[in-house]
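Beneath this line is the structure, given in structure tokens, with notes to follow.
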Amino acid sequence: MILILKPHINSKTKEFHQLESHLARLENIELRVHQVQGVEQTLTEVYLIGNTAALSVEDMRSLPGVDHVVRVSEEYRILGRHKDDNRSAYFDYQGVRFGQDTLNVFAGLCAVDSPESVEAMMKALCDNGQVCTRMGAYKPRTSPYSFQGHGKNCLPYVFELAGKYGIKVIAMEITHESHIDEIREALDKTGKQTGVMLQIGTRNTQNFELLKSVGRQQEFPVLLKRGFGITLDESLNAAEYLASEGNQKVIFGLRGMKTNGGDPHRNFVDFAHVSVVKRLTRMPVCIDPSHSVGSRSRGPEGILDIMHATAQGVIAGANMILVDFHPEPTKALVDGPQALLLDELPQFLEDVQIARDAYQQRLSRFQIYSGKNN
Ligand code: PEP
Ligand code: MN
């Protein structure tokens, strides 16, 4: 059960202490207090964990300082959607809104290789009105002999160039908690010209200690990729780890599943789950067509499979697209074969817009139909 307190109440106020002493009398109930940084205000939420079935929502609502009460099911207590749950399904970061109604494109390099590639990428994004990108500095690789990413050494020029080209948010995978400090330090040293969304890759979806470390900080939002060989429920619980440690700014990423059933694509595209994740949770949903499809194959009409997969996710209501581009894919150190070319960026964005318009049109048609049926 979650008690959402009135806006002016926090752990330092008198009402909070009165509430605490009421709650202390409840048997077998543990309390966890969270500060939720909203767009206009910070709200305090008290989670009651344990035997809450016996508690009445009305009784809890009448306690000092309580604004409203959400009875949560066992699943995804914090990030889940529950009955009569009017908590928001969006957050703002660096002036950019991420929600279940918005769409943001993160086109960029799978792996940072040189300042020249980074600059060419960022310039193309800027020329096309984009303010978000992806830049891999820490790469989890199948072989220990493959390029592992430039790590913290590339951060200063990546962040400087982001500032130069007006990039506000960079999605960047981390594979160890120490990378959070390295990123924070580099952002500070380069004058905080941009922001970072920490990415947890599919190989680390159930790295619980990493999830806890990333969840404990609230400075950076998180993109959590679905685990490629586990159930959706297991991946959603992984997201809940982040929230249970205090960070609710979480985006859930679909990136295809590892099964030969998807051949010849690299992974089996799972974008039909966009609406499933939106129904079960309040998280915005990202699609990654590059790591799903994994090649530049085209349909007989000439359209890239990556663009078809993107359109499928967007027409179903996806909120973020993570997609690999490279100025010279043959020279890319990671995942060159699936990278789109910089001169394909305008066409890609246009195709995304067509699918987004179609989604919006479907939404409004559906509202007309459901109005008629009610
Ligand atoms: C990536 O986005 O660079 C990546 C490695 O993705 P995933 O974790 O989905 O394989
Ligand atoms: Mn990759």
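If you're wondering where the values come from, they're calculated on a predicted model, not measured in any experiment. For ligands, and for the atoms within them, numbers begin at 1 and follow the listed sequence.
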Next on the checklist: Tell me if the CD atom of Gln41 is crowded by more than 12 foreign heavy atoms within 6.0 Å.
Outcome noted: yes
Item to check | Heavy atoms from other residues, nucleotides or ligands near CG of Asn51 exceed 12 (cutoff 6.0 Å) | outcome: yes
Checklist outcome for this item: The protein residues that pass the under-4.0 Å heavy-atom test against ligand 1 are Cys110, Arg134, Lys139, Glu173, Gln199, Gly201, Thr202, Arg203, Lys225, Arg255, Asp288, His291
Checklist entry - Ion pair present between Arg97 and Asp92, side-chain N to carboxylate O less than 4.0 angstrom? => result yes
Next on the checklist: Please enumerate all residues that pass salt bridge (Lys or Arg N to Asp or Glu O under 4.0 Å) together with Lys189, with sequence neighbours excluded.
Outcome noted: Glu185
Checklist entry - Under 3.5 Å, is there a donor-acceptor pair between the Asp288 and His291 side chains? => result yes
Checklist entry - Do Arg134 and Phe106 meet the cation-pi criteria used here (NZ or CZ under 6.0 Å from the six-membered ring centre, within 45° of the axis)? => result no
Next on the checklist: Using the side-chain hydrogen bond (donor to acceptor under 3.5 Å, both in side chains) criterion, which residues pair with Ser292? Sequence neighbours excluded.
Outcome noted: none
Checklist entry - Protein N, O or S atoms less than 2.8 Å from the Mn ion (ligand 2), ignoring waters? => result Cys110 SG, His291 NE2, Asp335 OD2
Checklist outcome for this item: Between Asp270 and the options Arg226, Arg255, Lys258, the salt bridge (charged side-chain N to carboxylate O under 4.0 Å, His left out) test singles out Arg226
Checklist entry - So, Phe348 versus Phe325, ring centres under 6.0 angstrom or not? => result yes
